[in-house]
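Shown next, in structure tokens, is the structure this report addresses.
Hydrogens, waters and symmetry mates play no part in the numbers below; they use all other heavy atoms, side chains included.
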Amino acid sequence: MQQPLDPHEIPPPGCPAHGNTQLYGPAFGADPDGQYAHLRTFGLSAPVDIAPDVQVELVTSYDAALYVLQNPASFVRDSRRWNALNEGRVPADSPALPMMSYRPNALFSDGAAHARLRQAVTDSLATVNELQLVRQTQQSADYLISRFSAEPRGQAELMAEYAQPLPLLVFSDLFGCPPEIGDRVIAGISGIFEGTPGADEVLGGALAELIALKRRRPAADLTTRLMEHSAQLSDEEVLHQLVTLLSGGTAPLTAAIATSSALYLGEEWQTGLPVEDAVSQTLWNYAPIANYAAHYPTHDVELGGRVLRANDPVLVSFAAANTDPKLTEHRQQLSAKAHLAFGAGPHACPAKDPAFMIAVTAVETLLNRLPDIEMRVPFKTLTWAPTPWSRSLVTLPVRFSPRTVPSAAEHTHPRAAQGSQPSATPEQRSAAGASGPMGAASSQHKGGLFSRFLAWTRGE
């Protein structure tokens, strides 16, 4: 692991050798907190490069972040205003474009257009039954744990084998995907995160088929509820809201589940505290969405002595705002939910309560199924992905005593669990999970991750 940057080696603001701080790459990934501390020397915000040749103003102050997030009259989200992009100064292959380019969804809309799309999303999410969501998460967790827990090695890499695939299974279930479409949804969104060529087309095609299916056969799922909402979304609008839920929900949940698990298992954590506390501490101190929420001033705005130019992007550092030293004295008096990990204002995450529930359930299920699980390395030596957008672990290596986790069908039918039907051997369980969450299917069940999960829930 790379050593943290020595703050004495960072050129001071105003020094001719000092360019914009790069919010990407190994130096940033090695010590993001040190970089945020340096950026605070500029004031409430600072100029940074979010990608090569892409400059934005980054808000690092908690109070200033709230001002931007809660002031839609002066700060809007429509990135078609972006000066540098319109003037051809953003590289066509910039990694910032997939994150900041305009899409016809609630995230990039303002005013009445935003209210219409957001209402459809929030109303649809409100119909999700909490107990059902917990059961879906537990089932997904049990399936993934069953893939690695029985292996004689008694070790796993929780990022790839648990935290990354779990939200994908839950969302595919919530969307009402049949097996084959669910496989392609997971392959598409996973490919987008990994930069796989053609992944956008795979995801778009799968969701378009799903919407067409729900037009023919409506069901009690999130896709149908969006389609039947009184806002009367077009099929294209439904597709873009599903993409937003998928991309905005799965990657942050992956980070939250992994970091909360690591924090709970770490030597610094006090034994016996609730899992909810570990998740809350993750949201405060390791905000899964670290730097995002691009806003565009509708006019020049002075913020803490710096002028934010109209239509130049202003990003909010949720990570820096949550750890603002000015909060230190009174953070204990703040509500546990006063963090900005889910944003604030009109664009606050509409799924914050389900997201918190999924993260808590995922960590609790892991601890319940593998009670002696522990990390193979100290928490402080874990490495973070060198990306500006999220605070996400690269790996999370753990060890435990091998054990077999019964299938969902065995949980449902106690007699089967007691031996009226033969349970799978460790070798069979291991084969079913060959090469990790996105690996090849077992010989018994062809298809992708979602197909194999659904077969497992049926005890096949």
Side-chain angles (χ1 to χ4, degrees), residues 20-24 39 42-61 64-121 200 233-234 236-237 239-241 243-244 247-248 289-318 320-321 340 342-350 388-389:
N20 285 347
T21 296
Q22 294 182 351
L23 233 64
Y24 58 91
L39 291 173
F42 286 76
L44 305 182
S45 65
V48 302
D49 287 344
I50 203 78
D53 300 316
V54 181
Q55 177 177 309
V56 302
E57 188 78 9
L58 188 73
V59 177
T60 57
S61 156
L66 276 178
Y67 173 73
V68 171
L69 293 167
Q70 296 177 338
N71 191 354
S74 296
F75 296 93
V76 297
R77 299 295 297 270
D78 189 337
S79 60
R80 289 174 295 186
R81 291 172 167 266
W82 187 358
N83 283 331
L85 182 64
N86 292 332
E87 295 165 6
R89 294 187 281 117
V90 177
D93 60 350
S94 173
L97 288 177
M99 301 298 293
M100 295 176 61
S101 292
Y102 173 81
R103 290 182 176 84
N105 60 34
L107 196 62
F108 292 92
S109 302
D110 302 291
H114 168 256
R116 172 176 169 269
L117 295 173
R118 182 180 174 88
Q119 195 64 51
V121 171
D200 274 321
L233 273 59
S234 67
E236 182 184 9
E237 288 176 324
L239 188 151
H240 282 289
Q241 307 327 301
V243 170
T244 303
S247 58
I289 301 178
N291 307 286
Y292 197 48
H295 289 72
Y296 300 85
T298 57
H299 54 89
D300 289 359
V301 177
E302 184 176 346
L303 186 69
R306 292 184 60 82
V307 176
L308 311 182
R309 287 187 57 225
N311 298 326
D312 279 353
V314 177
L315 267 62
V316 174
S317 178
F318 301 109
L340 300 181
F342 293 124
H347 283 274
C349 175
W389 314 108

Would you list the atom pairs, donor with acceptor, under 3.5 Å between side chains in residues 90-101 and any protein atom, with sequence neighbours excluded?
residue: Ser94; atom: OG; partner: Ala96; partner atom: N; Å: 3.1
residue: Ser101; atom: OG; partner: Leu97; partner atom: O; Å: 2.8

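- Counting only residues at least two apart or on different chains, the salt bridge (charged side-chain N to carboxylate O under 4.0 Å, His left out) pairs with a member in residues 104-120 are Arg116-Glu237.
- Among residue pairs with one or both ends in residues 42-53, those qualifying as side chain to side chain donor-acceptor pair (under 3.5 Å) are Asn20-Asp49, Ser45-Glu57; sequence neighbours excluded.
- Taking the side-chain hydrogen bond (donor to acceptor under 3.5 Å, both in side chains) definition, one finds that His240 meets it with nothing, sequence neighbours left out.
- Residues passing the side-chain hydrogen bond (donor to acceptor under 3.5 Å, both in side chains) test with Asn86: none are found, sequence neighbours excluded.
- Residues satisfying the ring-ring contact (aromatic ring centres under 6.0 Å, His included) criterion with Tyr24, sequence neighbours excluded, are absent altogether.
- The aromatic rings of His347 and His114 sit tilted relative to each other, their planes meeting at an angle between 30° and 60°.
- Applying the salt bridge (charged side-chain N to carboxylate O under 4.0 Å, His left out) test to residues at least two apart or on different chains, the pairs with a partner in residues 69-87 are Asp78-Arg80, Glu87-Arg89.
- The two atoms that bring Gly343 and Ala348 nearest to each other are C-CB, 4.1 Å, heavy atoms only.
- When all heavy atoms are compared, the tightest approach of His299 to Ser74 is NE2-OG, 3.2 Å.
- Counting all heavy atoms, side chain and backbone alike, Ala310 lies closest to Asn83 at O-ND2, 2.9 Å.
- With a 4.5 Å cut-off on side-chain heavy atoms, Tyr67 and Val59 do not count as touching.
- Among all heavy-atom pairs drawn from Leu117 and Pro104, the shortest one is CD1-O, 4.3 Å.
- Take Leu44 and apply the side-chain contact (heavy atoms from CB on, under 4.5 Å) test, not counting sequence neighbours, and it matches Ser61, Ala64, Leu303.
- Pairing each heavy atom of Leu107 with each of Asn105, the nearest pair is N-OD1, 3.0 Å.
- Scanning for side-chain hydrogen bond (donor to acceptor under 3.5 Å, both in side chains) contacts around Tyr292 gives an empty result, with sequence neighbours left out.
- Asn291 approaches Trp389 most closely through the heavy-atom pair O-CE3, 3.3 Å.
- Gln119 meets the side-chain hydrogen bond (donor to acceptor under 3.5 Å, both in side chains) test with Asp123; sequence neighbours excluded.
- For the side-chain contact (heavy atoms from CB on, under 4.5 Å) test, residues two or more places apart in sequence or in another chain that qualify with Ala46 are Leu39, Phe42.
- Between Tyr296 and Trp82, the ring planes lie tilted relative to each other; the angle falls in the 30° to 60° range.
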Hey, mind stepping through Phe318 and Leu69 against side chain to side chain contact (heavy atoms under 4.5 Å, CB included) and telling me if it holds? CA-CA 11 Å; Phe318 301 109; Leu69 293 167; 4.1 Å; yes

